[in-house]
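Within every chain, numbering begins at 1; the chains are lettered A, B, ... in the order of the sequence lines, protein sequences first and strands thereafter.
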Amino acid sequence: MSRLHTEDFGLIEYEENQVLCLPRGLIGIPGQSWLLLTREPMSPFLWLISIDDPSMSLPVARPEAFFPDYQLTLAEQQLEPLQLGVDSEVEGLCVVGADEDITKFRMNLCGPIIFNPDNQHGVQVVNLSEYPVDAPLWEQVGINQVDTSPPRLPVIEVPPTEES
Amino acid sequence: MLVIQRRPEEQIRIGDDIVIRVLGISGNNVKLGINAPRAIPVHREEVYESIQQQNRAAQHSPKRVKGLL
């Protein structure tokens, strides 16, 4: 069991097999080791936090939850860091542009983070299907229609934030 | 910045294993072919920059959305 002290999520306890490995970091953000957190297991929103620099955390979600017909087009070499097997199915997470007002949330559909659930390696890629980096989140799906299935990746539950 | 003049079909080599070839020019467009090792990601600069900007903006979310997510 390892421990990570964070300002935003308190003390996080995790096992090595829960660590996600992003050998290239995120685009413009360094850091190879990350954890996926949830404050509310039924919420479609998760947090990706850097173990190397725990002040770095981004809200993410499965794009399919909000954009059921989301298409991913990639060149094979873009997924090279994932060491995919023949039958591997990938799992994608997109960065959420969060605001004080949940109706104004946006999603970066252009630069998804793709994971190989078998080895938990991930890479942020440029989707060759043309999508915006700031698609309005509630364009296709209503707030009560969101598919809240968790991604096929280890998710660590942290206590909900206290209302300040 | 190093400035090199090239004609269509001519190439530039960067290091041992990156080759950029000018495939053609038509009006304002230059078509480039890039041969690089698989481990080196190649991006259009404006796309790379906009993703980078979104990532960095999202990084400041925890304080902004306190109590919401």
Side-chain angles (χ1 to χ4, degrees), chain A residues 6-9 23-29 37-40 43-50 53 55-61 75-81 94-102 105-108 110-113 123-128 130 132-134 160-164, chain B:
Chain A
T6 74
E7 197 186 314
D8 297 308
F9 304 91
R24 293 179 189 165
L26 293 173
I27 293 177
I29 301 181
L37 312 178
T38 179
R39 282 180 162 140
E40 162 55 65
S43 164
F45 301 108
L46 303 153
W47 291 91
L48 196 57
I49 186 165
S50 165
D53 175 4
S55 71
M56 204 94 88
S57 60
L58 300 89
V60 295
E76 199 190 330
Q77 71 257 30
Q78 289 178 280
L79 297 181
E80 198 258 348
C94 286
V95 177
V96 175
D99 205 280
E100 287 96 343
D101 179 354
I102 198 164
F105 277 20
R106 290 172 180 273
M107 185 175 259
N108 181 354
C110 175
I113 308 161
V123 64
Q124 189 169 29
V125 296
V126 176
N127 189 350
L128 302 176
E130 287 193 15
V133 293
D134 56 356
T161 359
E162 290 164 29
E163 294 288 344
S164 45
Chain B
M1 184 191 281
L2 172 68
V3 179
I4 301 175
Q5 198 160 312
R6 301 273 65 192
R7 297 172 200 282
E9 300 308 320
E10 289 183 339
Q11 306 193 142
I12 291 168
R13 182 175 288 267
I14 301 170
D16 288 332
D17 40 20
I18 300 174
V19 174
I20 299 170
R21 186 183 183 91
V22 182
L23 296 176
I25 301 169
S26 95
N28 275 330
N29 294 306
V30 180
K31 200 184 227 181
L32 301 174
I34 298 156
N35 254 315
R38 291 160 85 93
I40 296 189
V42 177
H43 300 286
R44 288 183 173 83
E45 177 64 15
E46 65 279 15
V47 175
Y48 181 89
E49 261 181 23
S50 61
I51 293 176
Q52 186 176 51
Q53 211 177 349
Q54 288 297 114
N55 282 347
R56 289 189 174 155
Q59 201 182 301
H60 301 297
S61 301
K63 286 170 190 70
R64 210 164 54 226
V65 298
K66 214 167 170 52
L68 202 56
L69 297 188

Enquirer: Measure the spacing between CD1 of Ile40(B) and CD of Glu80(A) and express it to the nearest 0.5 Å.
Expert: 10.5 Å
Enquirer: Atom NE2 of His43(B) and atom CD of Gln78(A): how far apart are they, to the nearest 0.5 Å?
Expert: 7.5 Å
Enquirer: Nearest 0.5 Å, what's the CG-CD distance between Leu26(A) and Gln59(B)?
Expert: 9.0 Å
Enquirer: Working to the nearest 0.5 Å, report the span between CD1 of Ile27(A) and CD of Gln53(B).
Expert: 13.0 Å
Enquirer: Mark yes when over 12 heavy atoms from residues, nucleotides or ligands other than Glu130(A) sit less than 6.0 Å from its CD; otherwise mark no.
Expert: no
Enquirer: In terms of heavy-atom proximity below 4.5 Å to chain B, should Glu40(A) be classed as side chain, backbone, both, or neither?
Expert: neither
Enquirer: I need the Asn55(B) CG to Ile113(A) CD1 distance, nearest 0.5 Å.
Expert: 6.5 Å
Enquirer: Does atom CG of Asp16(B) have more than 12 heavy-atom neighbours, drawn from other residues, nucleotides or ligands, at distances under 6.0 Å?
Expert: no
Enquirer: Mind listing the closest non-hydrogen atom pair of Pro59(A) and Ala58(B) along with its distance?
Expert: CD-O, 3.5 Å
Enquirer: For Glu76(A) and Arg38(B), work out which heavy atoms get closest and say how close.
Expert: OE2-NH2, 3.7 Å
Enquirer: Should Val126(A) and Tyr48(B) count as side-chain neighbours, where that means a heavy-atom distance under 4.5 Å?
Expert: no
Enquirer: Locate the shortest heavy-atom distance separating Arg24(A) from Pro41(B); write the atom from each residue and the value.
Expert: NH1-CG, 3.5 Å
Enquirer: Among the options Ser50(A), Pro23(A), Ser57(A), pick out the one with the most heavy-atom pairs lying under 4.5 Å from chain B.
Expert: Ser57(A)
Enquirer: Contact between Val133(A) and Gln54(B) at the side-chain level, heavy atoms closer than 4.5 Å - yes or no?
Expert: yes
Enquirer: Can you tell which part of Val96(A) gets under 4.5 Å to a heavy atom of chain B, answering side chain, backbone, both or neither?
Expert: backbone
Enquirer: At a heavy-atom distance under 4.5 Å, which candidate from Ala98(A), Pro81(A), Gly111(A) has the highest pair count against chain B?
Expert: Ala98(A)
Enquirer: Contact part of Arg106(A) toward chain B, heavy-atom cut-off under 4.5 Å: side chain, backbone, both or neither?
Expert: neither
Enquirer: Please name all residues satisfying salt bridge (charged side-chain N to carboxylate O under 4.0 Å, His left out) with Arg21(B), sequence neighbours left out, ordered by chain then number.
Expert: Glu9(B)
